[in-house]
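Shown next, in structure tokens, is the structure this report addresses.
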Amino acid sequence: MMVCGLSTRLLNICIASFCKSRLLGKAEAVIIDGIRVGVIPDVVTYNTLVHAYCQFVGVDAAYSVIHRMKEAGISPNVITYNSLISGATRNRLLSQCLDLFEEMLQEGIHPNVWSYNILMHCFFKLGKPDEANRVFQDILLSDLTPHPATFNIMINGLCKNGYTDNALMLFRNLQRHGFVPQLVTYNILISGLCKAHRSGQARKILKDLGESGHEPNAITYTTVMKCCFRSKKFDQGVEIMSEMKSKGYTFDGFAYCTVIAVLVKTGRMEGANAFMEQMINNGIELDLVSYNTLLSMLCKEGKFEAAYKLLDEIESGGLLCDKYTHTILINGLCKAGNIAGAQQHLHYMNMMGFHDNLVAFNCLIDGLGKAGRIDRAMELYNSMEIKDSFTYDSLVLNLCKDGRFLCASKLMMKCLRDGMILLHSTRRALLDGLCSSGFTNEARKLKLKFRLARMLR
DNA sequence: CTAGGGTTAG
């Protein structure tokens, strides 16, 4: 018996190692081999497998493992279900999350605090902060002991759903009640505040972090670096990067992509190329985001042959191009003046099931407008179900450039009715255009509407 | 079962 238990433990270590390296086939083979020589897999074996399938394949594949474990006479436990629910959350499948939760209760398995943490995270991820808050309150009122992650998930969810102030308030309140923030907590807040354009508060939290005894890690540095770049403090951003290097942090794919993207965006191609080379030489495995970053580099340099080749390379490597990949190429083609190529790729993108990629449509609208084909841009606009302020900005500006101020003005009115306020420069171009072509009344009317819209905001 | 950082358009 003792020997058998030990063997199962060894089996589990072996399975975990294969699963970590995404070698699910090998993990399965080891289980079969083990059974042949009398090593019986236990609930931990199956849970490891369920978790790996959730992460690398999908919840449905993981679910079929559950059938197999039941057949083998092993009952799933709370950890099995937590893995499944967490997998469904990653894939934004809310109804599946709730179904699994229900199923767990029906199986007589008691959810633990992690089950509720995952559920909260799920509600936040799907933009339902009220539901998440209800779960949070339930945890506090129940006899479960909240885990520090419970608070972190709550603070992060509030930030991501636009409730930065509530997140800060919760943070301070918790501190008053003896909650000791972890490094993650600081990272969550710094990121949230940066994204909400509250760099003053972000700096304050960064200072708190420095005084807390925690050492900022690579995630902290990447977050702050991104914040610098967004507020156009490029030198400061690069400085942070070298500080990160000198402290010996691994400069990982996240950090590299942050820096390379900003170098590409600001046209510093030598630097971008140098870092890309460094990233590859350092043996960092390229994932889809890195490939997308590389693609944006090639497009900016006008190397479209290489760009198309990269698409094939991505897919033959087993990755699937996402909406970013398509948008980057379509935008690149537009900016290079190859509208036909952009249209062709948009068509391809639709065929691949990305009809809802608004950013790509906006790129083509802008490209068509800049190429003097504003009527074709309007046609495309009319065929679109969803539009945003980027759509209107491009159209209004290009209509103005074409001298069609009344048409532009009509579109502007539609925006205002929908509660959108366009860029100051766009509004200026339209007002100036209307005035100089004698439509002073129209301009006056529009100005009044702008003022009203501002008041209603 | 473990929350946090990276890629797209005006």
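Labels below follow one simple rule: chain letters A, B, ... track the order of the sequence lines, proteins then strands, and each chain is numbered from 1.
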*Would A:C363 and A:T327 count as a side-chain contact (heavy atoms from CB on, under 4.5 Å) if you check the C-alpha gap in whole Å, the side-chain angles of each, and the deciding distance to 0.1 Å?*
CA-CA 8 Å; A:C363 290; A:T327 311; 4.1 Å; yes
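- Using modelled atom types, one finds a donor on one side chain and an acceptor on the other under 3.5 Å when comparing A:Y256 with A:N282.
- In this entry the distance linking NE2 of A:H326 with P of B:dT8 reads 16 Å, nearest Å.
- Which of B:dT8, B:dC1, B:dG6 sits closest to the side chain of A:C257 comes down to B:dG6.
- Across all strands shown, A:N117 has no heavy atoms under 4.0 Å from either base or sugar-phosphate atoms.
- No donor-acceptor pair closer than 3.5 Å links the side chain of A:N338 to the backbone N or O of A:C334.
- Atom-to-atom, CG of A:L358 to C1' of B:dG10 comes out at 11 Å; the value is rounded to the nearest Å.
- No engagement by A:A360 is indicated, since no non-hydrogen atom pair under 4.0 Å with the nucleic acid exists.
- When rounded to the nearest whole Å, the span between CE of A:M279 and P of B:dT7 equals 12 Å.
- Residues A:D322 and A:N292 bring a donor and an acceptor atom of their side chains to less than 3.5 Å of each other.
- Within the structure, a side-chain polar atom (N or O) of A:N156 is placed less than 4.0 Å from OP1 or OP2 of B:dG4.
- Inspection of the A:Y392 and A:Y381 side chains reveals an N or O donor paired with an N or O acceptor under 3.5 Å.
- Using a 4.0 Å heavy-atom distance criterion, A:L189 is classed as making no nucleic acid contact.
- To the nearest 0.5 angstrom, A:F275 atom CZ is 13.5 Å from A:T293 atom OG1.
- Judged by distance alone, with hydrogens and angles left aside, A:T222 brings a side-chain donor or acceptor within reach of the base of B:dG5, the pair sitting under 3.5 Å.
- Under the 3.5 Å distance criterion, the side-chain polar atoms of A:N217 are matched with a main-chain donor or acceptor of A:I219.
- Nucleic acid contact class of A:A149 (heavy atoms, under 4.0 Å, all strands): base.
- Close to B:dA9, at under 4.0 Å from its OP1 or OP2, lies no side-chain N or O of A:K323.
- Side-chain proximity of A:C363 to the nucleotides B:dA9, B:dG5, B:dC1 is greatest for B:dA9.
- The distance between atom NE2 of A:H147 and atom P of B:dT2, rounded to the nearest whole Å, is 11 Å.
- Comparing B:dT7, B:dA3, B:dG10 by their nearest atom to the side chain of A:S389 picks out B:dG10.
- Picking from B:dT7, B:dG4, B:dG6 the nucleotide with the shortest atom distance to the side chain of A:Y324 gives B:dT7.
- Between A:N398 atom CG and B:dA9 atom C1' there is a gap of 13 Å when expressed in whole angstrom units.
- Within the 4.0 angstrom heavy-atom criterion, only backbone atoms of the sugar-phosphate kind lie near A:S394; the bases stay farther away.
- Of the candidate nucleotides B:dT7, B:dG10, B:dC1, B:dG10 has the atom nearest to the side chain of A:F390.
- Taking only side-chain nitrogens and oxygens, A:K195 comes nearer than 4.0 Å to OP1 or OP2 of B:dG6.
- Contact check, A:H121 against B:dT2: no side-chain N or O comes under 4.0 Å of OP1 or OP2.
- The side chain of A:W114 sits closest to B:dT2 out of B:dT2, B:dA3, B:dG5.
- Computed from coordinates, the A:L158 CG to B:dG4 P distance equals 13 Å when rounded to whole Å.
- No hydrogens or angles were tested; on distance alone, nothing pairs the side chain of A:D388 with the base of B:dG10 as donor and acceptor under 3.5 Å.
- Nucleic acid contact for A:S290: base, since at least one base atom lies under 4.0 Å from a heavy atom of the residue.
- Within the 4.0 Å cut-off from OP1 or OP2 of B:dT2, at least one side-chain nitrogen or oxygen of A:S86 is found.
- When the nucleotides B:dA3, B:dC1, B:dG5 are ranked by their closest atom to the side chain of A:N112, B:dC1 comes out on top.
- Among the atoms of the strands shown, base atoms are found under 4.0 Å from some heavy atom of A:I219.
- Of the charged side-chain nitrogens involved, at least one lies within less than 4.0 Å of a carboxylate oxygen, so that A:R198 and A:D165 count as a salt-bridged pair.
- Nucleotide B:dT7 holds its P atom 11 Å from the CZ atom of A:F229, rounded to whole Å.
- Atom pair A:I386:CD1 and B:dG10:P shows a separation of 20 Å (rounding to whole Å applied).
- Across B:dG10, B:dA9, B:dT7, the shortest atom-to-atom separation from the side chain of A:K370 is found for B:dG10.
- Base contact: A:N217 has a heavy atom under 4.0 Å from a base atom.
- You'll find that the side chain of A:T327 is closest to B:dT8, out of B:dG5, B:dT8, B:dT7.
- Remark: the A:D252 side chain and the B:dG6 base include no donor-acceptor N/O pair separated by less than 3.5 Å.
- Contact check, A:K265 against B:dA9: a side-chain N or O comes under 4.0 Å of OP1 or OP2.
- Taking side-chain N and O atoms only, A:K335 has a distance below 4.0 Å to OP1 or OP2 of B:dG10.
- The side chain of A:L183 has B:dG4 as its nearest neighbour among B:dT2, B:dG4, B:dG10.
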